[in-house]
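Here's the structure, in structure tokens; my notes come after.
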Amino acid sequence: MIHLTLARMSEALHGELHLAGGDTPDTIVSGAVDTDSRLIEAGGVFVAKPGETTDGHRFVGAAVERGAAVAIVEHVVDDAVSQIVVADVVAALADLARLVVADVRTRGSLRIVGITGSNGKTTTKNLLARILEGEGETVSPKASFNNEVGAPLTMLRVTDDTRFLVSEFGASAPGEIARLAGLVKPDIGVVLMVGMAHAGGFGGIEATFAAKSELVRALRPGGIAVLNADDSRVAAMAPIAAEQGCSVVWFGRGDAAEVRGDEVVVSASGTTCRVTVAGETLPLRLRVLGEHHVMNALAAIAAATALGVPLADCIERLETIDIAERWRMQPLGSDRVRIINDAYNASPDSMAAALRTLAQITGPDERMVAVLGAMSELGEFSGEEHDRVAELAVRLRIPRIVVVGADARRLFISAIGQGSWDDEAVFFASADEAYDYLLSELRDGDRVLVKSSNAAGLRFLGDRLGESFS
Ligand SMILES: Nc1ncnc2c1ncn2[C@@H]1O[C@H](COP(=O)(O)OP(=O)(O)OP(=O)(O)O)[C@@H](O)[C@H]1O
Ligand SMILES: [Mg+2]
């Protein structure tokens with residue numbers, strides 16, 4: 001939320017102020033900022049963002065009807081409201097976020113945590129936010145708001161009462177994390193893992209390493225890098241932290257970690273482990289499905305304990321969470337036919353983690369079914385990574401592999417090539433055809449994983465199956 005004069009806003013945004021309706025440069029704007037005119041509240045700031053499908057400038061009138069006090073635009077649209085005309089509204093949004101967060105920091109006790117990594121950002125953000133909410137007002141992104149628009153919009157929600165801002169930083173291009181994290185200079189930066197997710201846009205894992213390490217470079221001096229001790233690429237960021245005058249807190253499952261998880265036991269009702277921090281060891285019973293979430297929980301605990309939250313409080317709050325986020329390892333269906341909808345997105349690492357989880361939680365008298373769609377954003381690595389998924393599925397002896405969508409056909413062919421029998425691996429061009437097949441095929445005792453990238457849209461197939469078998 002902002003509380004600024006029009007003059008100061010306009011100056012910070014390098015904009016030109018067009019006054020309307022009796023406003024003066026000293027008029028104070030006090031309200032929330034949004035790019036969606038439908039979400040504007042009285043006194044708010046509407047940011048007219050040119051989009052791919054429509055142009056926010058068309059909705060300035062709608063925002064004014066909802067009570068917008070000022071619009072940030074690239075050209076003057078409407079005389080009914082004061083406007084700040086800027087060259088680029090997305091850059092202006094970033095400038096506004098930088099100003100607002102810096103103002104709040106000088107007055108209040110705001111602490112900022114940034115989270116990045118190829119997988120698990122949203123999950124860890126949710127886990128950490130749940131812990132910090134128990135300490136005081138915490139602002140964190142809705143859903144996966146982590147790009148050049150979502151990240152500043154989230155930052156702009158802080159007020160003088162906010163104690164913690166938890167930001168998720170994704171990267172669709174080199175330099176993006178540097179730019180977004182640089183707006184707020186986090187006190188703590190969490191790097192979860194460096195994997196193949198979105199690697200196509202970068203040209204490989206080394207470039208992904210460079211992009212993720214931008215968060216460590218953006219930390220404020222005296223800050224803390226929370227690093228995965230079990231991921232050698234993340235561990236290689238420690239010298240960068242030192243260069244920044246920052247310390248490192250290690251999390252992981254091995255002995256090198258200061259925030260350590262061990263004795264991990266995975267089941268269909270969640271995952272248990274022991275967590276050790278600074279000589280204190282406590283049991284953790286996570287209801288979130290899948291062994292891979294232990295690392296996300298350890299990362300959240302490492303950040304929270306670095307902010308002074310006692311381990312016992314971290315654990316108590318984590319145990320209240322039953323799902324990381326919709327469509328992430330989301331249990332649906334019933335005890336008879338369990339559906340796990342993990343089709344929000346997919347990368348080679350999250351695909352492997354989901355398949356392993358399926359194998360771990362399926363009992364000896366139960367049957368594994370994997371409903372798999374394409375992994376997108378892998379560029380030149382796409383073919384071999386789909387082959388690898390097929391190899392893993394066959395190695396885990398998944399007796400029914402249902403491949404959906406033309407983009408995933410290679411996975412199907414590869415599964416057959418790896419020795420899956422004809423009727424073990426099946427292919428459907430569309431989710432509707434796969435649904436019809438599964439409706440007649442699934443039976444009591446089936447444990448069904450639904451997994452694909454967002455673009456393949458299998459999350460809706462997962463939802464439909466969940467309803468049909470509930
Ligand atoms: N440590 C991990 N290793 C492998 N897979 C993981 C890990 N953590 C989470 N996942 C899986 O990755 C997928 C995405 O999880 P989540 O949404 O938390 O990640 P994200 O980094 O926010 O993704 P995005 O880049 O799409 O925003 C889910 O399927 C989740 O189960
Ligand atoms: Mg996310």
Side-chain angles (χ1 to χ4, degrees), residues 114-130 140-148 150-151 154 166-173 176-177 180 190-202 208 211-212 215 227-231 233-234 251-253 261 264 266 270-271 273 286 288-300 321 323-331 340-358 360-361 370-373 375-378 385 389 392 449-456 458-459 462:
I115 299 173
T116 194
S118 303
N119 293 104
K121 296 179 289 295
T122 298
T123 301
T124 306
K125 175 262 294 183
N126 288 345
L127 301 181
L128 179 59
R130 177 64 62 90
S140 67
K142 294 178 210 153
S144 220
F145 265 35
N146 66 13
N147 63 10
E148 56 181 3
T154 303
V166 181
S167 282
E168 169 178 343
F169 296 113
S172 53
E176 187 173 343
I177 295 178
L180 294 176
V190 180
V191 187
L192 296 166
M193 60 187 286
V194 173
M196 287 294 288
H198 318 288
F202 286 103
T208 305
K212 303 300 175 199
L215 176 61
L227 301 180
N228 182 343
D230 302 345
D231 181 318
R233 293 191 183 86
V234 177
F251 69 94
R253 303 212 4 213
V264 176
V266 181
T271 304
C273 66
L286 270 184
V288 183
L289 278 189
E291 179 168 1
H292 48 299
H293 291 307
V294 167
M295 288 301 276
N296 298 331
L298 293 172
I321 300 175
I323 166 182
E325 174 94 35
R326 187 173 179 201
W327 297 315
R328 272 74 154 194
M329 300 302 287
Q330 182 177 4
I340 302 165
N341 193 353
D342 195 41
Y344 165 73
N345 220 344
S347 66
D349 292 306
S350 73
M351 198 48 118
L355 287 170
R356 285 201 193 93
T357 302
L358 178 67
Q360 281 171 319
I361 68 172
V371 182
L372 306 177
M375 303 178 288
S376 49
E377 299 182 64
L378 290 172
E385 291 299 340
V389 170
L392 178 63
L449 169 73
V450 184
K451 177 86 179 159
S452 74
S453 276
N454 202 304
L458 293 199
R459 59 197 183 283

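Each ligand, and each atom within it, is numbered from 1 in the order the structure gives.
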Checklist entry - Would T154 and K142 count as having a side-chain donor-acceptor pair, cut-off 3.5 Å? => result no
Item to check | Per-atom contacts of ligand 1 with H293, taking only distances under 4.0 Å to non-hydrogen atoms | outcome: 9 (C), 31 (O)
Checklist entry - Ignoring hydrogens and geometry, is there a side-chain-to-backbone donor-acceptor pair from T116 to F169 under 3.5 Å? => result yes
Checklist outcome for this item: Nearest non-hydrogen contact to atom 18 (O) of ligand 1 from the set N228, T123, I115 belongs to T123
Checklist entry - For ligand 1, is any non-hydrogen atom under 4.0 Å from A353's backbone (N, CA, C, O), its side chain (CB onward), both, or neither? => result side chain
Checklist entry - Does R326 offer a backbone N or O that forms a donor-acceptor pair with the side chain of R328 under 3.5 Å? => result yes
Checklist entry - What are the atoms of ligand 1, with element, lying closer than 4.0 Å to any heavy atom of M193? => result 1 (N), 2 (C), 3 (N)
Checklist entry - Which pair of heavy atoms, one from D230 and one from M295, lies closest together, and at what distance? => result OD2-CE, 3.6 Å
Checklist entry - Is there a heavy atom in K125 that sits closer than 4.0 Å to ligand 1? => result no
Checklist entry - Are any N, O or S atoms from N345 nearer to the Mg ion (ligand 2) than 2.8 Å? => result no
Checklist entry - Is E325 touching ligand 1 with its side chain, its backbone, both, or neither, if touching means heavy atoms under 4.0 Å apart? => result neither
Checklist entry - Just which atoms of ligand 1 are under 4.0 Å from any heavy atom in D349? => result 4 (C), 5 (N)
Checklist entry - Of the backbone atoms (N, CA, C, O) and the side-chain heavy atoms from C-beta on, which set of R328 has a member under 4.0 Å from an atom of ligand 1: side chain, backbone, both, or neither? => result side chain
Checklist entry - Nearest to the Mg ion (ligand 2), which N, O or S atom of E168 do we find? => result OE2
Checklist outcome for this item: A student checking ligand 1 against Y344 at a 4.0 Å heavy-atom cut-off should list atoms 26 (O)
Next on the checklist: Less than 3.5 Å apart, any donor N or O on the side chain of S347 or N119 sitting next to an acceptor on the other?
Outcome noted: yes
Next on the checklist: Just to be sure I read this right, does ligand 1 sit under 4.0 Å from the backbone of M295, its side chain, both, or neither, counting only heavy atoms?
Outcome noted: neither
Next on the checklist: Does any N or O of ligand 1 fall below 3.5 Å from an N or O anywhere on M329, backbone included?
Outcome noted: no
Item to check | Polar side chain donor-acceptor pair, T122 to E168, under 3.5 angstrom | outcome: yes
Item to check | Donor + acceptor pair across side chains of R459, N454 (<3.5 Å) | outcome: yes
Checklist entry - Is K451 paired with D342 through a side-chain N to carboxylate O contact shorter than 4.0 Å? => result yes
Checklist entry - Does K125 reach the main-chain N or O of K121 with its side chain, forming a donor-acceptor pair under 3.5 Å? => result no
Checklist outcome for this item: Within the 4.0 Å heavy-atom cut-off, what N296 brings close to ligand 1 is side chain
